[in-house]
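The structure appears below as structure tokens.
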Amino acid sequence: MPIDAASALAAAPRTDEIAWEPGDVQLYHLALGAGRPATDPGELRYVLESRLRVLPSFATVAGAGAPGVIRTLSLPGVDTDLARVLHAGQRLALHRPVPPRGTARTTTRVTAAYDKGTAALLVTRTDAADADGTLWTEEAEVYVRGEGNWGGERGPSARSAPPADGPDAVVDRPTREDQALLYRLTGDLNPLHADPEFAARAGFDRPVLHGLCTYGITLKAVVDTLLDGDPARVRGYGARFTGVVYPGETLRVRMWRAGGGVVRVTGEAVERGVRVLTGTVTGTDTVTRSAARSG
Ligand SMILES: CCCCCCC[C@@H](O)CC(=O)SCCNC(=O)CCNC(=O)[C@H](O)C(C)(C)COP(=O)(O)OP(=O)(O)OC[C@H]1O[C@@H](n2cnc3c(N)ncnc32)[C@H](O)[C@@H]1OP(=O)(O)O
């Protein structure tokens, strides 16, 4: 069934009650490669309950799994073949640090549906709040191949290029061949990431890594490299997924301190020399200042 932009935009927001606990956070971190090497004290804050700090991107999977395989896509007018769907971008704004244990009410709706000719580009927005107020807001850009041409608005055409000068830091993050098999247990059971036959139907030689796994790996790399390993310094992270990542590839993460508490970031699949992500981490000004002081 094709995307029905009018129904999607007119639909009332879906509300879910979600809950998470430290084990969900630890699994999420492990699924991003945290805990390697297991003796690194910097890694233990991601995996030991006694020292647990929550990477803000956990918000993208908190309480995932219900009511559909991919909660964000379980919306009126978005009943599409999953083999056509690619995650094209993700934005997250934190209003408070994400606690290791929590409950929240989320509301999710489609805020835009653009007709890109050969594809539809949907923008979904989820707001999460607990008894103390708003926790986070996230937006996902979802690219649905073969579903354009309904006469809708083409939408913005912004493309982001990385800074022209050399990065302030570069780190390599190898992914494991079973990275997506582990990551899917955080809630996104899309067969695109696990089933070779399904991946072939979607046009890929083999299963591809979840966009949100790349998103989390790159954010963790920034936190560990430029932010003294302190996830609380992150206020937001927006990224565009510009190319697929295959599990087993190495992600080369380049970072630029851009001033004003902003870190620009790119990800490259080293083996193929393909840029797979461009992004911006915000809210890091304290760190930028302390990093500037130290050198
Ligand atoms: C929270 C949950 C959300 C839902 C999750 C979905 C389920 C998940 O399990 C699925 C996944 O994780 S898929 C894996 C991760 N994603 C990927 O690997 C996609 C990588 N990207 C691509 O392949 C291409 O960039 C591709 C294919 C996306 C686009 O490439 P091209 O076809 O070459 O097109 P391009 O010319 O680059 O762009 C076409 C038009 O779309 C606009 N656009 C692209 N990305 C955008 C983005 N993130 N935000 C806004 N606009 C975007 C471009 O600007 C362009 O528009 P125009 O022609 O008007 O300029």
Side-chain angles (χ1 to χ4, degrees), residues 3 14 16 18 31 57-65 68-75 78 80-92 106 108-126 128 136-149 152-161 175 179-180 183-195 198-199 202-218 237-247 249 251 267-269 272 274-280:
I3 297 285
R14 205 196 56 240
D16 296 296
I18 64 167
S57 50
F58 172 74
T60 63
V61 302
V69 172
I70 300 168
R71 190 182 57 206
T72 306
L73 295 183
S74 302
L75 295 167
V78 192
T80 187
D81 177 1
L82 212 43
R84 295 172 181 266
V85 169
L86 288 172
H87 200 168
Q90 181 73 27
R91 287 188 291 274
L92 173 68
T106 58
T108 305
R109 65 202 155 93
V110 173
T111 55
Y114 298 121
D115 181 349
K116 293 294 182 183
T118 56
L121 184 84
L122 300 177
V123 183
T124 65
R125 174 179 168 137
T126 299
W136 67 77
T137 300
E138 60 169 304
E139 286 184 304
E141 282 139 3
V142 182
Y143 198 79
V144 190
R145 297 169 294 169
E147 296 238 3
N149 272 329
E153 233 185 277
R154 191 167 182 94
S157 182
R159 287 163 200 261
S160 59
T175 65
Q179 197 81 48
Y183 186 85
R184 67 198 292 275
L185 301 182
T186 66
D188 177 348
L189 300 179
N190 185 348
L192 175 65
H193 310 296
D195 178 349
F198 186 92
F204 299 102
D205 294 340
R206 53 199 166 102
V208 306
L209 195 60
H210 301 71
L212 286 178
C213 185
T214 305
Y215 182 80
I217 291 172
T218 49
Y237 182 31
R240 190 179 273 214
F241 306 121
T242 54
V244 296
V245 177
Y246 292 102
E249 290 186 323
L251 278 172
E268 176 191 336
R272 288 175 294 126
V274 171
R275 184 174 306 133
V276 295
L277 174 144
T278 58
T280 303

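What's counted below: heavy atoms across the whole structure, side chains too, no hydrogens, waters or symmetry copies. In each ligand, atom 1 is the first atom listed, and ligand 1 is the first ligand listed.
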How long is the straight-line distance from CG of L122 back to CD1 of I3, given to the nearest 0.5 Å?
4.5 Å
Supply the atom-to-atom distance R184 CZ to T186 OG1, rounded to the nearest 0.5 angstrom.
10.0 Å
Counting each atom of ligand 1 from 1 as listed, which ones have a heavy atom of [X] under 4.0 Å away?
| X | result |
| --- | --- |
| L121 | 50 (C), 51 (N), 52 (C) |
| N190 | 7 (C), 8 (C), 9 (O), 10 (C) |
| A140 | 1 (C), 3 (C) |
| L209 | 14 (C), 15 (C) |
| H193 | 8 (C), 9 (O), 10 (C), 11 (C), 12 (O) |
| G89 | 48 (N) |
| D188 | 7 (C), 8 (C), 9 (O) |
| V244 | 18 (O), 20 (C) |

Can you find an N/O atom of [X] closer than 3.5 Å to an N/O atom of ligand 1?
| X | value |
| --- | --- |
| E141 | yes |
| A88 | yes |
| S157 | yes |
| H210 | no |
| G211 | yes |

Nearest protein heavy atom to [atom], by residue and atom, and its distance?
| atom | answer |
| --- | --- |
| atom 4 (C) of ligand 1 | V142 CG2, 3.9 Å |
| atom 23 (O) of ligand 1 | L86 CD1, 4.0 Å |
| atom 35 (P) of ligand 1 | R159 NH1, 4.0 Å |
| atom 56 (O) of ligand 1 | K116 NZ, 3.1 Å |
| atom 39 (C) of ligand 1 | Y143 OH, 3.5 Å |
| atom 21 (N) of ligand 1 | F241 O, 2.9 Å |
| atom 58 (O) of ligand 1 | R154 NH2, 2.7 Å |
| atom 17 (C) of ligand 1 | H87 O, 3.7 Å |

Take the angle between the ring planes of H193 and H210 and call it parallel below 30°, perpendicular above 60°, tilted in between.
parallel
Do the side-chain N and O atoms of T218 and Y237 include a donor-acceptor pair separated by under 3.5 angstrom?
yes
So R84 and E147, side chain to side chain contact (heavy atoms under 4.5 Å, CB included) or not? Walk me through it.
CA-CA 8 Å; R84 295 172 181 266; E147 296 238 3; 3.6 Å; yes
Considering non-hydrogen atoms only, spot the tightest contact between [X] and [Y] and give its length.
| X | Y | result |
| --- | --- | --- |
| N149 | D115 | N-OD1, 2.6 Å |
| R272 | V245 | NH2-CA, 4.0 Å |
| F198 | A83 | CZ-N, 3.5 Å |
| D205 | Y246 | N-OH, 4.4 Å |
| Y215 | A239 | CD1-CB, 3.8 Å |
| P247 | A180 | CG-CB, 4.0 Å |

Nearest option to atom 43 (N) of ligand 1, as decided by whichever heavy atom of R91, R240, R275 sits closest:
R240
What do you think, any protein heavy atom under 4.0 angstrom from atom 33 (O) of ligand 1?
no
Begin with the C-alpha distance, continue with both residues' side-chain angles, and end with the deciding distance and a verdict on side chain to side chain contact (heavy atoms under 4.5 Å, CB included) for L251 and T214.
CA-CA 8 Å; L251 278 172; T214 305; 4.1 Å; yes
Exactly one of R91, R125, Q90 should register a side-chain hydrogen bond (donor to acceptor under 3.5 Å, both in side chains) with E139. Which one does?
R91
Residues L86, R145; criterion side chain to side chain contact (heavy atoms under 4.5 Å, CB included); working and verdict:
CA-CA 8 Å; L86 288 172; R145 297 169 294 169; 3.8 Å; yes
